[in-house]
Amino acid sequence: KSANPQRFAIADPNLKSAEIAFLDTSLCFAMDSELMFVDMEVQDPRPLHERRFHWRILKPMPSLSQVAAQWFQIDPPLDPNPKNSESSEIFGRPGAYRLHFEPPMKIYQSQCLGWSLKGPGQG
């Protein structure tokens, strides 16, 4: 992840509280791919324990606007916790972790892996 990811406010009527999405363009895919795992560095596990942190797939949307902006459709959150486990068991303390996707997740060309954070925090 780059040191300065781009930040986007999520405007989704299905969300129950304010949430900020983060996008690191190095996590955008140039071709159709299968995502098997994500390595992540956890500095503060509280957002994971409180279920405020989510991985998300961001899909670029075509725009008829003349403005040089990119719109994204933001998919429902990917749960970072393996089935039948609590995040406090998996992400017990700060450190490096690997999140596995079983089965591998299909990501299509130009889609991006991003993350979102509800409430206070730096992302």
Side-chain angles (χ1 to χ4, degrees):
K1 148 177 135 167
S2 67
N4 296 310
Q6 298 176 29
R7 297 175 186 215
F8 302 90
I10 299 174
D12 185 337
N14 297 321
L15 295 176
K16 299 198 178 7
S17 64
E19 196 165 342
I20 301 293
F22 298 85
L23 172 63
D24 179 339
T25 54
S26 70
L27 296 176
C28 294
F29 291 76
M31 64 182 73
D32 292 357
S33 303
E34 287 191 344
L35 184 63
M36 297 187 305
F37 62 87
V38 174
D39 289 329
M40 55 192 281
E41 179 74 27
V42 176
Q43 294 178 4
D44 180 358
R46 287 177 298 177
L48 289 158
H49 298 176
E50 297 163 0
R51 299 204 180 270
R52 295 187 298 116
F53 173 90
H54 300 286
W55 287 104
R56 292 182 178 269
I57 301 300
L58 290 84
K59 299 175 181 176
M61 296 174 58
S63 173
L64 299 176
S65 170
Q66 299 299 320
V67 178
Q70 177 64 60
W71 293 88
F72 289 90
Q73 174 186 335
I74 300 175
D75 277 5
L78 308 170
D79 191 354
N81 302 307
K83 289 182 178 25
N84 301 319
S85 65
E86 288 297 318
S87 60
S88 58
E89 297 170 4
I90 304 302
F91 306 105
R93 62 179 187 266
Y97 293 91
R98 176 169 281 180
L99 171 63
H100 290 271
F101 295 100
E102 294 288 336
M105 184 179 9
K106 188 73 170 169
I107 297 184
Y108 298 97
Q109 179 182 359
S110 76
Q111 293 181 349
C112 305
L113 180 64
W115 62 98
S116 65
L117 185 66
K118 292 180 186 179
Q122 299 300 313

Rounded to the nearest 0.5 Å, how far does CG of D39 lie from CZ of F37?
5.5 Å
Test side chain to side chain contact (heavy atoms under 4.5 Å, CB included) applied to M105 - qualifying residues, sequence neighbours left out:
L35, I57, L78, F101
Partner set under side-chain hydrogen bond (donor to acceptor under 3.5 Å, both in side chains) for D44, not counting sequence neighbours:
R46
Which residues pass the side chain to side chain contact (heavy atoms under 4.5 Å, CB included) test with P104, not counting sequence neighbours?
E34, M36
Tell me every residue that passes salt bridge (charged side-chain N to carboxylate O under 4.0 Å, His left out) with K59, counting only those two or more places apart in sequence or in another chain.
D75
Checking S33 now: which residues fulfil side chain to side chain contact (heavy atoms under 4.5 Å, CB included) with it, not counting sequence neighbours?
F29, M31
What distance separates S116 OG from H54 NE2, expressed to the nearest 0.5 Å?
5.5 Å
Can you name the nearest heavy-atom pair linking K118 to R52, along with the distance?
O-NH1, 2.7 Å
W115 vs W55 aromatic rings, parallel, tilted or perpendicular, using cut-offs 30° and 60°?
perpendicular
With a 4.5 Å heavy-atom cut-off, do P94 and P45 have their side chains touching?
yes
Mind checking what makes ring-ring contact (aromatic ring centres under 6.0 Å, His included) contact with Y97, not counting sequence neighbours?
F91
Contacts of Y108 meeting side chain to side chain contact (heavy atoms under 4.5 Å, CB included) (sequence neighbours excluded), chain-then-number -> D32, K106, Q111
Which atom pair, heavy atoms only, marks the closest approach of C112 to L23?
CB-CD1, 3.4 Å
Looking at every non-hydrogen atom in both residues, tell me the closest pair between L58 and L113 and how far apart they are.
CD1-C, 4.4 Å
